[in-house]
Amino acid sequence: MRCPSCQHLSKDVVAKFCSQCGHKLLPAAPGAASENKLTAPSAPEGGAECGRELMDSSPFSSLGPGNGQENPDEHCSDASLQIQRGAASEGFMDAADGTSHELEAASPSASKRRKEDAALTKVSDVSSPDPKQANGAAAEPAGPEKGPGKEVKDQTKETKQPRASVPASRDHRQETQTKDQTAVPGGKAGENEKASLKPKKEPKKPEGNNKNNAAAEKNAKEQRNERTGELSPKESPLSSEEGVTVCFHAIISKHFEFNPSQHQVFVRGGEEFGKPKWKRNVCEMYYTRDLHELGSLVEGSAVIARQHLDKPIPYKYVLQKGKGAVEYEFIYKPQQKESEPVNRCLQVKSSLLGSGDWHQYDDIICMNPPGAWQTFKDRFTDGTRKDLVKGKQTAAAIMLDSIFSILETWNAINLKSFFTQFQQFYSVIRVPMIYEGKAQPWSTLEYEEKEVKKHLWECLTKKMEPFLKTSGDPLPKDCPVRSKLRMGLIILFSVEKFHIHLSKSDLTSLCHLLCSDPSSPHELHSDLIHILEIKHSWRNSLVNLCQRCMDGEVDLWVCTLPVLHLCMEPSPPTKDAGVQPEDTWAALEGISFSEFREKKSDRKQLVQLMGKNRHLLSVDARLFRSWFSLLPLRTLVCYMRECSEYLSRFPSHILDCLLGTCYRLQELKGPLTNLEVGRLPSAPESWLSRSRPPAGQSQLGGAFSENLTIKSILQMLLSLLDTYQHKMLEEPLIQSYLTVCLKLHETTCRITKDHTFYEMPALSAEIVCRIIILKPLVDSAGGQHSEAGEKNSVATVFQGTLAATRSWFQRVFQNRVFQTGVLSSNVRFTYPEEIKIWRRLVEIHFPVELGWKETLLGDMEGRLKQERPLSQIFAFSSTTWDAEGAEDSVSKCFEKCAIEAVSLVCQSQTSLLEKLSYKDLWKCGTLVSAVITKSWPRSRGQVVHDLGEVLKHLLTWPDIKQLFHLWGTPYILEQF
């Protein structure tokens with residue numbers, strides 16, 4: 001194996017480094033071992049030969065941009081321009097298939113795959129004796145031009161030594177370890193990573209052989225210069241710091257019969273590359289990979305001045321075979337003007353330079369077809385155009401694979417290089433450009449950006465496929481990206497940057513990639529730490545993806561939220577819970593989540609999807625809030641029950657349940673309806689059938705019947721507090737609980753405008769009561785003393801709760817307590833359930849010292865006393881309300897009011913007992929006793945005991961007759 005630097009010939013054919021100078025030896029290229037000189041085919045003689053050769057070929061044989069510099073006077077016969085479409089079509093797959101055969105041939109394992117049986121034509125590689133016909137840009141010389149004979153004469157004798165296969169200056173071709181970053185081989189975080197850098201410098205010469213090395217290097221350089229003569233690339237006067245390095249990547253067609261050990265490929269172009277224009281070899285293209293049936297991948301680099309950035313520069317690839325004249329590539333585009341040849345167009349966009357290099361990803365370098373170009377132009381068919389497009393797509397797929405190979409070593413440097421080159425790649429292929437007098441789109445190719453995006457997405461889809469398989473098979477060894485999350489962000493970057501339209505199935509696939517696999521927040525962060533450091537608005541891209549999915553009804557986007565949250569800055573902590581807007585609290589800024597949950601009132605499938613992926617809750621602490629805010633009100637009970645196991649491990653999220661419910665209730669502008677309070681859809685059957693907690697443990701909201709209500713939501717919250725209060729003792733969030741629960745109660749009271757929904761404020765008040773009772777226990781468990789500040793916080797919350805409750809009573813009971821019929825004794829309640837409602841709220845067991853019960857009973861008593869005494873008495877004795885035992889404080893309050901009313905009535909000496917209803921003996925006995933007591937004669941404030949006075953009272957008392965009627969004479973006489 002011969003060293004390309006010092007020309008030392010090693011006997012070891014598998015040596016990796018030169019034993020003399022230490023230069024790295026690359027594997028020999030195909031045909032490099034042969035020392036025989038390749039002879040170029042002779043030029044065709046006559047139109048018949050030209051026609052025969054072109055009929056054997058398809059335009060794809062020299063797929064690429066066309067030059068149109070053929071002499072219009074030279075014509076091939078019409079027969080020479082016919083293309084055997086049937087044969088050619090066998091060599092290509094449909095564009096939608098991504099030209100799979102060509103890609104198989106280009107892959108490292110292509111030798112194990114079948115070869116294409118493509119009917120590609122073989123065009124003779126003729127060197128035109130006239131630069132104006134073949135050189136492409138020789139029509140615009142930069143001074144006195146050499147004749148064709150002079151140019152050929154200047155070519156020196158070629159050497160038989162194999163040429164070194166030195167790759168172009170590419171970031172990902174040469175990698176080194178960085179000191180401050182750890183490489184991740186195979187794409188796994190935490191492993192050693194290699195940083196891809198710029199081209200290697202000349203290797204350091206071994207000590208002791210400086211003279212020999214210098215002589216060998218000088219000899220090799222002289223031999224190379226001797227071969228190329230004046231056309232050799234000259235060192236640019238600009239350094240990479242002063243100018244911009246342009247790295248050219250192209251595929252040289254197999255029809256050139258390119259032998260890297262004997263042939264040379266150069267770039268020539270306008271004066272922007274240096275003078276003389278079109279005579280100077282800007283850079284040499286080196287062989288880097290064998291693409292088998294497609295040809296060879298060649299790469300090279302040059303430096304241009306920064307003043308030429310963002311300006312179009314014409315250029316072309318040329319091939320030199322030994323002593324023969326250089327042969328310019330051919331571009332299959334009809335020439336518009338004879339004086340303006342068709343060239344490639346380089347336009348380095350300063351906005352996409354990244355680290356400072358520009359990568360020009362070109363397509364296939366094509367041969368100059370024999371015969372006259374004008375005849376071919378007249379016969380330029382749609383089939384030819386399709387083959388040209390297919391060739392561009394094939395080349396783009398190969399270049400894309402090359403770009404992705406950068407990520408075989410996963411680190412920040414390689415990622416930056418990858419995204420920079422990816423954008424440069426798309427910038428080049430987005431709109432096929434040619435330079436014909438000026439830069440202009442290749443419009444006759446009819447390859448619009450829409451088709452370019454479609455093909456790019458097909459290529460990206462193939463790279464996604466290994467991660468979408470559900471078989472559980474390991475990823476292929478040649479897959480450069482080893483994490484589906486990383487691949488998902490790369491695809492997302494492409495979609496956003498290049499504005500690729502995605503179908504519903506495409507959105508589902510992308511969301512699947514972005515569903516987190518890691519089992520902890522640390523693993524998620526480690527997996528994405530490098531890629532999220534890339535300067536890109538990842539958050540906006542993910543928000544846009546979520547919006548696309550919502551518009552397309554793809555629910556899987558809810559599982560991508562952990563990645564979105566990782567891209568977001570955490571919300572600043574607030575002392576007052578609930579101050580933040582809901583989108584900030586739920587980490588859903590920029591997402592139309594309220595419209596999403598209102599779009600469908602029943603989202604059973606979404607809740608089931610969340611249940612299936614509830615492992616993500618352990619990866620992202622903010623996900624529980626996000627999902628809570630995405631669900632309709634009627635599915636929250638199902639969600640909380642599904643997450644009960646998670647809540648048992650992370651009881652702090654019970655506070656999220658309370659605050660999330662508060663946010664939801666605040667959104668209800670109008671009063672609660674029967675739909676919202678009374679009848680809601682049932683929970684998913686799969687959840688209802690799951691095993692209940694063990695005996696003695698809370699059922700988390702009781703039996704989950706088919707009718708779930710807001711009442712059920714509040715009951716669930718109450719049950720969560722009861723179930724996990726022993727774990728909440730460890731949570732330093734009790735003050736936040738107090739604040740949130742007060743806000744929840746105030747909101748509930750505000751939206752409950754109908755007294756029939758009294759259970760809502762009653763439950764919310766009970767929730768506040770639980771936290772107030774729990775706080776002293778927490779303080780005790782934490783070894784804290786109830787200081788004045790802590791007492792004041794409880795007192796403040798209690799007073800707020802009491803005030804909201806009293807205000808609610810005043811709003812819902814705006815009318816009088818009783819309504820009187822035609823008869824004065826026909827009294828009924830304006831609100832039939834009023835006593836029941838008072839009893840429900842009064843009997844909430846707030847600490848006695850706070851005075852909850854006394855305050856509400858005082859309000860009730862004041863309301864009753866606004867009525868006429870007789871109305872109070874008749875209402876008390878009616879059957880429209882019932883007492884609930886001796887401890888019923890509401891009944892006692894009502895009884896007190898009735899007895900005081902009896903005293904007022906008895907003073908008027910009117911008969912009262914005959915007007916009472918005696919269906920309820922307890923109420924009747926109470927009233928009769930009150931009537932007797934209040935009617936009994938008194939003297940100086942004392943009860944009269946004189947028998948004469950007593951008999952006089954009985955004889956004149958209007959109700960004595962009613963007493964004898966009720967209990968009989970013997971009983972009455974016995975009592976007196």
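Quick caveat: nothing in here was measured; it's all calculated off a predicted structure.
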Using 30° and 60° as the class limits, which term best fits the ring planes of [X] and [Y]: parallel, tilted or perpendicular?
| X | Y | value |
| --- | --- | --- |
| His653 | Phe650 | perpendicular |
| Trp585 | Tyr663 | tilted |
| Phe813 | Tyr831 | tilted |

Sidechain-backbone polar pair: [X] side chain, [Y] backbone, donor-acceptor under 3.5 Å:
| X | Y | answer |
| --- | --- | --- |
| Lys853 | Val848 | no |
| Ser719 | Gln715 | yes |
| Ser877 | Ile873 | yes |
| Ser764 | Pro761 | yes |
| Gln725 | Leu774 | no |
| Trp852 | Cys769 | no |
| Thr752 | Cys749 | no |
| Ser626 | Ala586 | yes |
| Arg828 | Thr820 | no |

Problem - side chain to side chain contact (heavy atoms under 4.5 Å, CB included) evaluation trace for Leu714 with Leu744 - result: CA-CA 10 Å; Leu714 295 174; Leu744 176 63; 4.3 Å; yes
With a 4.5 Å limit on heavy-atom distance, are the side chains of [X] and [Y] in contact?
| X | Y | answer |
| --- | --- | --- |
| Asp754 | Val812 | no |
| Thr830 | Val817 | no |
| Glu900 | Lys865 | yes |
| Arg868 | Val827 | no |
| Leu763 | Leu717 | no |
| Asp859 | Gln810 | no |
| Ser891 | Arg839 | yes |
| Ser736 | Thr739 | no |

Just by distance, no angles: are the side chains of [X] and [Y] close enough, under 3.5 Å, to form a donor-acceptor pair?
| X | Y | answer |
| --- | --- | --- |
| Ser793 | Gln735 | yes |
| Glu667 | Ser594 | no |
| Arg811 | Ser807 | yes |

Practice task
Give the intermediate values and the outcome of side chain to side chain contact (heavy atoms under 4.5 Å, CB included) for residues Val768 and Phe798.
Solution key: CA-CA 8 Å; Val768 178; Phe798 172 76; over 6 Å; no
Handout entry: Presence of salt bridge, Arg840 and Glu766, under 4.0 angstrom
Key = yes
Handout entry: Salt-bridge contact Arg750-Glu746 (side-chain N to carboxylate O under 4.0 Å)
Key = no
Interatomic spacing from [atom1] in [X] to [atom2] in [Y] - rounded to 0.5 Å:
| X | Y | atom1 | atom2 | answer |
| --- | --- | --- | --- | --- |
| Asn815 | His755 | CG | NE2 | 10.0 Å |
| Arg664 | Thr747 | CZ | OG1 | 13.5 Å |
| Leu588 | Phe596 | CG | CZ | 10.5 Å |
| Ile772 | Ile767 | CD1 | CD1 | 12.5 Å |
| Ile591 | Asp583 | CD1 | CG | 9.5 Å |
| Tyr639 | Arg603 | OH | CZ | 15.0 Å |

I need the minimum non-hydrogen distance between [X] and [Y], along with the two atoms involved.
| X | Y | value |
| --- | --- | --- |
| Thr635 | Val607 | CB-CG2, 3.8 Å |
| Phe876 | Glu895 | CE1-CA, 3.4 Å |
| Leu720 | Ile654 | O-CD1, 4.0 Å |
| Phe624 | Cys657 | CZ-SG, 3.5 Å |
| Tyr737 | Leu655 | OH-N, 3.3 Å |
| Leu742 | Gly800 | CD1-C, 3.5 Å |

Practice task
Please say whether more than 12 non-hydrogen atoms of neighbouring residues, nucleotides or ligands are located less than 6.0 Å from CD in Gln819.
Solution key: yes
Problem - Trp838 and its ring-ring contact (aromatic ring centres under 6.0 Å, His included) partner, picked from Trp808, Phe809, Tyr758 - result: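 Only one of Trp808, Phe809, Tyr758 forms a ring-ring contact (aromatic ring centres under 6.0 Å, His included) with Trp838, namely Phe809.
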Practice task
Could you give me the CA-CA distance, side-chain angles and deciding distance for Leu857 and Val842, then say whether side chain to side chain contact (heavy atoms under 4.5 Å, CB included) is met?
Solution key: CA-CA 7 Å; Leu857 287 176; Val842 166; 3.9 Å; yes
Practice task
Check whether the ring centres of Phe593 and Phe628 lie less than 6.0 Å apart, and answer yes or no.
Solution key: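 No, ring centres 6.0 Å or more apart.
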Handout entry: Ring-face cation contact, Phe829 with Arg816, 6.0 Å cut, 45° max
Key = no
Exercise for the section: Apply the test salt bridge (Lys or Arg N to Asp or Glu O under 4.0 Å) to residues Lys599 and Glu595: give CA-CA distance (whole Å), side-chain angles for both, the deciding distance (0.1 Å), then the verdict. Expected result: CA-CA 6 Å; Lys599 193 173 182 180; Glu595 291 82 354; over 6 Å; no
Exercise for the section: Using the side chain to side chain contact (heavy atoms under 4.5 Å, CB included) rule, take Ile710 and Arg634 through it: C-alpha gap first, then chi angles, then the decisive distance, then the call. Expected result: CA-CA 8 Å; Ile710 291 181; Arg634 61 191 56 200; over 6 Å; no
Problem - Thr756 and Glu833: CA distance, side-chain angles, deciding distance, side chain to side chain donor-acceptor pair (under 3.5 Å) verdict - result: CA-CA 8 Å; Thr756 57; Glu833 294 182 315; over 6 Å; no
Exercise for the section: In sequence, state the C-alpha distance, the side-chain angles, and the governing distance for Glu645 and Arg614, and then conclude on salt bridge (Lys or Arg N to Asp or Glu O under 4.0 Å). Expected result: CA-CA 10 Å; Glu645 189 273 334; Arg614 59 182 175 271; 5.8 Å; no
Exercise for the section: Kindly indicate, with the supporting measurements, whether the criterion salt bridge (Lys or Arg N to Asp or Glu O under 4.0 Å) is fulfilled by Glu843 and Lys836. Expected result: CA-CA 11 Å; Glu843 296 300 332; Lys836 181 179 180 181; over 6 Å; no
